[in-house]
Q: 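Below are the structure tokens for one structure; questions will follow.
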Amino acid sequence: MIRSSSTKLVDVVGLYMNPPEHAIVLSVDEKSQVQALERNQPLLPLREGLAARHTHDYKRHGTITLFAALDVATCRVLVECKTRHRRQEYLAFLKRIDEDVEATLDVHLIVDNYATHKHPNVKAWLMKHSRFHVHFVPTQSSWLNMVERFFAELTNKRLRRGNFTSARQLVRSIRGYIEQHDDDSQPFVWSTSAGRILLKLQHLKAICETVH
């Protein structure tokens, strides 16, 4: 039986605000089509009255997919950089998580509804690894997946203004950023209850229905 969106929301927010004992909660997602762009001109620095600017002319040097699992309790991030984005790569990442997480802990994964996450091969692997528990966010609710905040910071602080002459250089830059992030990681604090979120969504829905 498919659970309602509100049930999924309550489930995920509950993991953030009241995580289970003897377990790790990981917010998992993929940032696909990360481009290695080489700018034709260097970044123009900040000047009084002008923001930093960069040229929109660039050379493409390939793309990667960044697989990431953010530990909700510590904000440390486990990553894999892959050239493709298929069930095979996702399964390989799940195996990496299985190897990385202490064997005595249960593993709770918060993921979106991307088809790869529900592929029969993925389901079969999860059934053989009973310590894994999957929690899907509601459809079109990627904002509920905490790793998206990490992706936003990575983009703003490292990717958006980056200048990369190869996909390999892009990967090195990402790994360098994550090392710095993990050395000084501060957990993201989820402070809004599921009930308050649902009330806000109901209020927005009522406004939209009034407008139309």
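Model, not experiment: these values are computed from the prediction.
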Q: For T139, give me all partners under side-chain hydrogen bond (donor to acceptor under 3.5 Å, both in side chains), at least two apart in sequence or on another chain.
A: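 Counting only residues at least two positions away or on another chain, T139 forms no side-chain hydrogen bond (donor to acceptor under 3.5 Å, both in side chains).
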Q: Do the ring planes of H129 and F132 sit parallel (below 30°), tilted (30 to 60°) or perpendicular (above 60°)?
A: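 It falls in the perpendicular class, over 60°.
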Q: Which distance, rounded to the nearest 0.5 Å, do you find between the SG of C75 and the CG of L70?
A: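 The CG atom of L70 is 4.5 Å from SG of C75, to the nearest 0.5 Å.
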Q: Measure the spacing between CG of D100 and CZ of F93 and express it to the nearest 0.5 Å.
A: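 So the CG of D100 and the CZ of F93 are separated by 9.0 Å.
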Q: Output the distance between atom CG (L154) and atom NZ (K31), rounded to the nearest 0.5 Å.
A: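 The distance works out to 7.0 Å.
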Q: Output, in order, the C-alpha distance, side-chain angles, deciding distance and verdict of side chain to side chain contact (heavy atoms under 4.5 Å, CB included) for R60 and L37.
A: CA-CA 5 Å; R60 300 176 187 268; L37 300 180; 4.0 Å; yes
Q: How would you list, by chain and number, every residue that makes a side-chain hydrogen bond (donor to acceptor under 3.5 Å, both in side chains) with D184, sequence neighbours excluded?
A: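 Result, side-chain hydrogen bond (donor to acceptor under 3.5 Å, both in side chains) vs D184: none returned.
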Q: For V171, run the side chain to side chain contact (heavy atoms under 4.5 Å, CB included) check against Q169, R175, R168 and tell me which one passes.
A: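 That would be R175.
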Q: Within the side chain of D182, is there an N or O that forms a donor-acceptor pair under 3.5 Å with the backbone of V77?
A: yes
Q: So, using side-chain hydrogen bond (donor to acceptor under 3.5 Å, both in side chains) as the criterion, who are the partners of S173 when residues are at least two apart?
A: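 Checked S173 against side-chain hydrogen bond (donor to acceptor under 3.5 Å, both in side chains); matches are R158.
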Q: Between H181 (side chain only) and G176 (backbone N and O only), is there a donor and an acceptor less than 3.5 Å apart?
A: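 Flag not set: sc H181 to bb G176 has no pair under 3.5 Å.
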Q: Could you list all the salt bridge (Lys or Arg N to Asp or Glu O under 4.0 Å) pairs where at least one residue sits in residues 105-124, not counting sequence neighbours?
A: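 Passing the test, one end in residues 105-124: no pairs.
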Q: Taking salt bridge (Lys or Arg N to Asp or Glu O under 4.0 Å) as the cut-off, I'd like each qualifying pair that reaches into residues 67-90, sequence neighbours left out, listed once.
A: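 For residues 67-90: E80-R96, R86-E89.
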Q: Would you please name every residue forming a ring-ring contact (aromatic ring centres under 6.0 Å, His included) with Y114, sequence neighbours left out?
A: H85, H117
Q: Could you state whether V137 and W143 fall into the same hydrophobic cluster, counting links through intermediate Ile, Leu, Val, Met, Phe, Trp or Tyr residues with side-chain heavy atoms under 4.5 angstrom apart?
A: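 Result: yes, single cluster for both.
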Q: Please tabulate, for the side chains in residues 144-152, all donor-acceptor contacts under 3.5 angstrom to protein atoms that are two or more places apart in sequence or on a different chain.
A:
{"residue": "N145", "atom": "OD1", "partner": "S27", "partner atom": "OG", "Å": "2.2"}
{"residue": "N145", "atom": "ND2", "partner": "V28", "partner atom": "O", "Å": "3.2"}

Q: Going by ring-ring contact (aromatic ring centres under 6.0 Å, His included), name the residues that satisfy it together with H61, two or more places apart in sequence or in a different chain.
A: none
Q: Report the C-alpha separation of V13 and W190 in whole Å, then their side-chain angles, then the decisive distance to 0.1 Å, and conclude whether the side chain to side chain contact (heavy atoms under 4.5 Å, CB included) test is met.
A: CA-CA 8 Å; V13 173; W190 192 279; 3.7 Å; yes
Q: Does H119 use its side chain to pair, donor to acceptor, with the backbone of A115 at less than 3.5 Å?
A: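 Flag not set: sc H119 to bb A115 has no pair under 3.5 Å.
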Q: Testing the basics here: between S5 and P138, what is the closest heavy-atom pair and its distance to 0.1 Å?
A: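 For S5 versus P138, the nearest heavy atoms are O-CG, 3.3 Å.
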Q: Considering all heavy atoms of both residues, which atom of P187 and which atom of A73 are nearest to each other, and what is their separation?
A: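 Closest pair (atom of P187, atom of A73, distance): CG-O, 3.2 Å.
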Q: Is any side-chain heavy atom of L91 closer than 4.5 Å to a side-chain heavy atom of V122?
A: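 The answer is yes, as the side chains (C-beta and beyond) meet within the 4.5 Å cut-off.
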Q: Given side chains that start at C-beta, do those of V134 and I110 come closer than 4.5 Å, heavy atoms only?
A: no
Q: For R131, enumerate each residue passing the salt bridge (charged side-chain N to carboxylate O under 4.0 Å, His left out) test, keeping only those at least two apart in sequence or located in another chain.
A: D98
Q: For T63, what residues pass the side-chain hydrogen bond (donor to acceptor under 3.5 Å, both in side chains) criterion, not counting sequence neighbours?
A: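 Scan of T63 (side-chain hydrogen bond (donor to acceptor under 3.5 Å, both in side chains), adjacent residues dropped) gives none.
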Q: Quick test of your reading: applying side-chain hydrogen bond (donor to acceptor under 3.5 Å, both in side chains), list the pairs with at least one residue in residues 15-25, sequence neighbours left out, ordered by first then second residue.
A: none
Q: Determine which pairs satisfy ring pair (Phe, Tyr, Trp, His ring centres under 6.0 Å) with at least one residue from residues 153-177, sequence neighbours left out, and list them in order.
A: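 Ring pair (Phe, Tyr, Trp, His ring centres under 6.0 Å) check on residues 153-177 returns no pairs.
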Q: Starting at CD of Q186, measure out to OG1 of T74 and round the result to the nearest 0.5 Å.
A: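 That separation rounds to 10.5 Å.
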Q: Could you tell me the separation between the CD atom of E179 and the CD1 atom of I174, rounded to the nearest 0.5 Å?
A: 12.5 Å
Q: Rounded to the nearest 0.5 Å, what separation is found between the SG atom of C81 and the CG atom of L170?
A: 7.0 Å
Q: Do L15 and V72 touch side chain to side chain, with heavy atoms closer than 4.5 Å?
A: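 Not in contact.
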Q: Answer with yes or no whether the side chains of S32 and E30 bring together a donor and an acceptor at under 3.5 Å.
A: no
